[in-house]
Structures are given as C-alpha cells and as structure tokens.
S.K.: 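Handing you this structure, nothing more for now.
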Amino acid sequence: MRGKTNRFPGVTGWDVALAVVFLAVAALIWVLLLRPHTVASKAEIKLNGVLIGTYELSEDSEFTVTNGDHANTVVISDGEIYVKSANCPDQYCVKHAAVKHSGECIVCLPAKLVITVTGGEEGPVDAYTG
Amino acid sequence: MRTQAEKVAFCGVLTALAVILSYVESLIPINLGVPGIKPGFANIIAVFVLFSYGLGTAAVISGIRVVIVAALFGSPASALYALSGAAASLIVMALLKKAGRFSVYGTSMAGGVVHNAAQLLVAMLVTGTPLLVSYLPVLILAGMVTGIVIGIIAQLLISRLSGFVRRV
C-alpha cells in the first residue's frame, strides 16, 4: 500500500471477472435445482443424518424431537410443517418459514435436526438427494 | 520502525473491536428466511489486518475473536461454523491478495462468498444433508453483497490508517 493516497483504488477487470464467475455459479446451481413446486405429502425427520421418522403432512400433529439436551417442537398443520419452538441458541429453525413444497427443508444445526418434505408429484428431487 | 509491543497493542485493540462488532451484529435481528445471512462486520477487521499486516496476524486476530465470541455469546457449534468460515475466507483472500490482480473489493467479495460456502459445507457434513446445497445460490449472492460492502469499508480504513500502520 506504500505511496498510495487514493481512497478508492480502482476496481480491476479481475474483480469483475470474479463477480461474473460467482454469479454464473449461483445461477447454474439455481437452474440445476430448479424444480416444479409440487406440494409434498410426507415429512422426513433426520437426527445426526439418520432418518428417525416419517410423518404424513395430511394429518395435523405436534411432537417434540429430542437430541441430547436439544429439544425441538415440530408442528404439522394444514399440510405444512414448521418448528414451533426450540431450545437452541440461534432459533433459525423457529424463524424459518413453514415448508410444504417437495424438496424444501428446515434445519436446526445445534440439534443436528433436519426436516425434509418429500413425496407428492414425482419431481426431479430424487435425482440429487441420492 | 517502532517496537513490537506497539504492534501487539494495536492488534489487541483491533481484536477487541472485532469482538464488539460481532456482538453488536448479534443484537440486530436479521431474518431473510434463509439461515446464515448476516453482515459480518467483524470481517472488516479481518480484511483490514490482512492487507495491513498479512495473513499471519489476520489469522491470529480472527481466531481469537471467534473463540471469544463463541465463549461469550455462542456455543461450541457456533464456533465450529464461525471458525470454518473465517479460516476458508482468510485463506482465499490471502491467495487473491498474493495474486496481486484483485482490488480489496474483489478480494473481500470472494472472502464473503467463500465464508458462506464453507459454513454451508460444514452444515451439510454435520447434518448429512446434501440437499442444503439449494441454499448456495442465495448464500453466494449474499456473500458477494456483504463482501463488497465490507471491502469498501476496509479500503477506507486501509487508506486512512496506512501512515499509522507503517509506523507501528
């Protein structure tokens, strides 16, 4: 930086190229994962990456999933599923909007809880969920 | 050339500033529906130190900041994410800086993107959910925006404090 007095040294062509690459990658992933918004029929609940239960979205219910000290209260209502309350510090899972479209998910990282909604019309979802 | 003690003292002030910036940020509720999007004000310090003192000093300050913030306001889990994001972004920013072809803005932009991508990768590994990759496009965009803003602020600091940094 020695000798530079300009407060806003110019943006280089390389900066712009890098921005274009990032945008292209974002667009590519977005297009690859683009899927018709089919309404899901089931919710799969995973703890530590292991499937612990599958729930029908057509049946309203409320239950609590515990993992060690972590407890997340999950509600299924009107074909949607959401986390009503959790004792994790960040509360991202509680703030997350209710999900109902196939392939959407809610994650609680501290509790290592993943709620994925699937089923309904067959979509390209299975192609990448493996 | 002044003493090493002066540099240590200045870096201590910067570390404290980074901790405070993390804390202030945690007070601002941001909910865009996608977890993990936040301004990352503390990265202003990381970018400034990287360009003023180099990777080693930046790594030490960021590492101490992450540990202190996790101990005071977070959890071991939050430390894991913060550390992976900070480490990955610092390494990439150091490489871009070394390449010598990118401005502070471009370097910081890449840092923001890599920061988010690394945290998402850790989240995918921890939860065993490859599906989380669907968050990546929006996290890339968010990382670009926050990275550029942070780069602009950091560049102002670098310009205004360059005389001070050279003396210290």
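This is a predicted model, so every value here is computed, not measured.
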S.K.: Would a single hydrophobic cluster contain both B:Leu120 and B:Val66, if residues Ile, Leu, Val, Met, Phe, Trp and Tyr are joined by side-chain heavy-atom contacts under 4.5 Å?
M.R.: no

S.K.: Give me the atom names and distance for the closest heavy-atom approach of A:Leu109 to B:Ala123.
M.R.: CD2-CB, 3.7 Å

S.K.: Please name the pair of heavy atoms, one in A:Thr12 and one in B:Phe102, separated by the smallest distance, quoted to 0.1 Å.
M.R.: OG1-CA, 4.0 Å

S.K.: Taking the side chain as every heavy atom from C-beta outward, state whether A:Leu23 and B:Leu141 have any pair of such atoms under 4.5 Å apart.
M.R.: yes

S.K.: Could you pull out the closest heavy-atom pair between B:Thr107 and A:Asp15, with the gap in Å?
M.R.: N-OD1, 4.4 Å

S.K.: If I compare all heavy atoms of A:Ile29 with all of B:Val133, which pair ends up nearest, and what's the gap?
M.R.: CG2-O, 4.1 Å

S.K.: Is there a path of hydrophobic side-chain contacts, each under 4.5 Å between heavy atoms, that joins B:Val149 and B:Leu50?
M.R.: yes

S.K.: So if you build clusters from Ile, Leu, Val, Met, Phe, Trp, Tyr with side-chain heavy-atom gaps below 4.5 Å, do A:Ile76 and A:Ile52 land together?
M.R.: yes

S.K.: If you count heavy-atom pairs within less than 4.5 Å of chain B, which of A:Val21, A:Val114, A:Thr116, A:Val50 leads?
M.R.: A:Val114

S.K.: Which atoms of B:Leu80 are under 4.5 Å from chain A, going by heavy atoms: the side chain, the backbone, both sets, or neither?
M.R.: neither

S.K.: Under a 4.5 Å heavy-atom cutoff, which of A:Ala19, A:Gly13, A:Ala17, A:Gly49 has the most pairs with chain B?
M.R.: A:Ala19

S.K.: More than 12 heavy atoms of other residues, nucleotides or ligands under 6.0 Å from OH of B:Tyr23: is that the case?
M.R.: no

S.K.: Where on B:Val113 is there a heavy atom nearer than 4.5 Å to chain A: the side chain, the backbone, both, or neither?
M.R.: side chain

S.K.: Could you tell me which non-hydrogen atom of A:Gly10 sits nearest to which non-hydrogen atom of B:Ser103, and how far apart they are?
M.R.: O-CB, 3.6 Å

S.K.: Heavy-atom distance under 4.5 Å to chain A: side chain of B:Leu96, backbone, both or neither?
M.R.: side chain

S.K.: Under 4.5 Å from any heavy atom of chain A, what part of B:Tyr81 do you find: side chain, backbone, both or neither?
M.R.: side chain

S.K.: Quick check on the hydrophobic clustering: are B:Ile61 and B:Leu83 connected, directly or via other members, by side-chain heavy-atom contacts under 4.5 Å?
M.R.: no

S.K.: Specify the closest pair of heavy atoms between B:Tyr135 and A:Cys105, including all atoms of both residues, with the distance to one decimal.
M.R.: OH-O, 3.5 Å

S.K.: Are A:Val94 and A:Ile106 joined in one hydrophobic group, where the rule is that I, L, V, M, F, W and Y side chains link up if heavy atoms are under 4.5 Å apart?
M.R.: yes

